[in-house]
Trainee: 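The structure is given below, and queries will be raised subsequently.
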Amino acid sequence: MLNLIIFGPPGAGKGTQSEKLLSKYQLQHISTGDLLRAERNAGTELGNQANEFIAKGELVPDAVVIGMVKNFMIAHPEAKGFIFDGFPRTTPQADALDVMLQEFQTSISIVLGLEVNEDELVKRLLLRGQSSGRADDQDESTIRNRFQEYQNKTLPLQGYYQAQGKYHGVMGIGEVEVIFSALCAHIDAL
Ligand code: ADP
């Protein structure tokens, strides 16, 4: 199996690159952001609870997202591999992911980090907010809070995967196709 994590701050382009990677490598896409928004749109209890955190730019509790990822993986036993997009975002999530993959007798193959500076990210998110209608992309203080959460809780995972020799950073500014090629080069070198 090819299991990859697409890593990076909000607005780095994880969703865009994931779409391209999953069609090239025939992978299943797990975006916890998309799964949470689908729950909210369906008006489920879980979706309503999660939305309170999302609206403030805070992370949703670990148990909620870990359970969602587990259900998704169990529902796709035929998968040739997974792209984890927006997950894991905390150390407990990373530990839980390792355990889930062990149950599938597999592990993380590679972690690809999209590196983009904060000013560029704010510009991109505000622009995305205009077209997507995502409330968490429309308010600069919510966006800044998401960066704070990223710095405090998610960025430490870069070191976690670096220590395992799995992390590869790619410059996330420039042409989508050029960034995609750089990501593919790291995968193809495995
Ligand atoms: P972005 O990466 O652009 O912020 P996402 O769609 O990945 O957008 O996530 C939107 C929001 O959903 C996050 O700000 C957070 O509140 C919540 N969320 C998504 N994934 C997770 C996760 N793995 N753990 C906790 N909260 C999450």
Side-chain angles (χ1 to χ4, degrees), residues 3-19 21-22 28-42 44-73 82-101 108 111-158 160-161 170 172-173 176 179:
N3 298 303
L4 57 100
I5 295 174
I6 185 110
F7 190 83
K14 300 186 295 290
T16 304
Q17 295 295 335
S18 293
E19 289 300 328
L21 291 166
L22 66 95
Q28 288 288 340
H29 185 201
I30 305 187
S31 159
T32 45
D34 287 350
L35 290 174
L36 289 168
R37 281 185 290 275
E39 293 280 346
R40 181 203 54 202
N41 294 344
T44 66
E45 171 90 19
L46 187 156
N48 293 338
Q49 283 173 358
N51 203 40
E52 292 181 24
F53 295 93
I54 295 172
K56 288 187 272 184
E58 291 171 11
L59 293 183
V60 172
D62 287 331
V64 174
V65 285
I66 291 167
M68 267 184 354
V69 171
K70 194 166 194 169
N71 288 341
F72 186 96
M73 290 177 68
F82 296 97
I83 297 187
F84 299 94
D85 166 2
F87 181 90
R89 263 175 153 100
T90 63
T91 303
Q93 290 180 22
D95 290 337
L97 179 58
D98 285 341
V99 172
M100 287 188 266
L101 289 170
I108 288 297
V111 180
L112 297 168
L114 291 171
E115 298 177 349
V116 180
N117 65 62
E118 192 164 319
D119 286 344
E120 170 72 16
L121 293 169
V122 174
K123 267 196 279 176
R124 287 185 189 181
L125 290 170
L126 289 171
L127 200 67
R128 183 169 80 183
Q130 287 173 15
S131 53
S132 71
R134 267 180 64 172
D136 62 340
D137 284 344
Q138 291 177 13
D139 173 53
E140 191 159 339
S141 74
T142 307
I143 291 174
R144 297 275 173 205
N145 205 26
R146 282 154 68 197
F147 290 141
Q148 207 57 53
E149 290 277 78
Y150 179 79
Q151 289 287 336
N152 297 340
K153 297 178 182 167
T154 308
L155 201 52
L157 294 182
Q158 189 173 320
Y160 177 88
Y161 291 112
V170 164
I173 298 183
V176 169
I179 298 165

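First listed ligand is number 1; within each ligand, the first listed atom is number 1.
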Trainee: Is there a donor in the side chain of Y160 and an acceptor in the side chain of D98, or the other way round, less than 3.5 Å apart?
Mentor: yes

Trainee: Any donor and acceptor pair, going by atom type alone, linking the side chain of Q138 with main-chain N or O of G129 inside 3.5 Å?
Mentor: yes

Trainee: Enumerate the atoms of ligand 1 whose separation from the nearest heavy atom of G11 is less than 4.0 angstrom.
Mentor: 3 (O)

Trainee: Got a salt bridge between R89 and E149, using NZ or NE/NH1/NH2 to carboxylate O under 4.0 Å?
Mentor: no

Trainee: Starting from atom 4 (O) of ligand 1, which protein heavy atom do you reach first, and at what distance in Å?
Mentor: R146 NH2, 2.9 Å

Trainee: Does G57 come within less than 4.0 Å of ligand 1, judged by its heavy atoms?
Mentor: no

Trainee: Is it the side chain (CB and beyond), the backbone, both or neither of V60 that lies under 4.0 Å from ligand 1, heavy atoms counted?
Mentor: both

Trainee: Which protein non-hydrogen atom lies closest to atom 10 (C) of ligand 1, naming both residue and atom, and how far is it?
Mentor: R134 NH2, 3.5 Å

Trainee: For atom 3 (O) of ligand 1, which candidate among K14, R128, K153 holds the nearest heavy atom?
Mentor: R128

Trainee: Is any side-chain heavy atom of I83 less than 4.5 Å from a side-chain heavy atom of I30?
Mentor: no

Trainee: Could you tell me whether E120 and R124 have a side-chain N and a carboxylate O separated by less than 4.0 Å?
Mentor: yes

Trainee: For the CG atom of L4 and the CZ atom of F82, what is their distance to the nearest 0.5 Å?
Mentor: 11.5 Å

Trainee: Counting each atom of ligand 1 from 1 as listed, which ones have a heavy atom of F87 under 4.0 Å away?
Mentor: 23 (N)

Trainee: Distance under 4.0 Å to a non-hydrogen atom of T32: what atoms of ligand 1 satisfy this?
Mentor: 19 (C), 20 (N), 21 (C), 22 (C), 23 (N)

Trainee: Which of the numbered atoms in ligand 1 are under 4.0 angstrom from any heavy atom belonging to I54?
Mentor: 12 (O), 16 (O), 17 (C)

Trainee: Out of E58, E52, R89, who gets a non-hydrogen atom closest to atom 9 (O) of ligand 1?
Mentor: R89

Trainee: Checking a contact table here: which protein heavy atom is nearest atom 24 (N) of ligand 1, and how many Å away?
Mentor: Q93 NE2, 2.9 Å

Trainee: Classify the contact between L36 and ligand 1 as side chain, backbone, both or neither, using a heavy-atom distance cut-off of under 4.0 Å.
Mentor: side chain

Trainee: Can you find a pair of side-chain heavy atoms, one from H29 and one from E19, that are under 4.5 Å apart?
Mentor: yes

Trainee: Out of all atoms in ligand 1, which are within 4.0 Å of some heavy atom of P10? Include the element for each.
Mentor: 1 (P), 2 (O), 3 (O), 4 (O)

Trainee: Under 4.5 Å between any side-chain heavy atoms of R37 and R134, yes or no?
Mentor: yes

Trainee: Which bit of R124 is near ligand 1, meaning a heavy atom under 4.0 Å away: side chain, backbone, both or neither?
Mentor: neither

Trainee: Do the side-chain N and O atoms of D136 and T142 include a donor-acceptor pair separated by under 3.5 angstrom?
Mentor: no

Trainee: Below 4.0 angstrom from a heavy atom of G86, which ligand 1 atoms are there? Numbered from 1 as shown, please.
Mentor: 20 (N), 21 (C), 22 (C), 23 (N)

Trainee: Any non-hydrogen side-chain atom of M73 less than 4.5 Å from a side-chain atom of F84?
Mentor: yes

Trainee: Less than 3.5 Å between some nitrogen or oxygen of D136 and one of ligand 1, yes or no?
Mentor: no

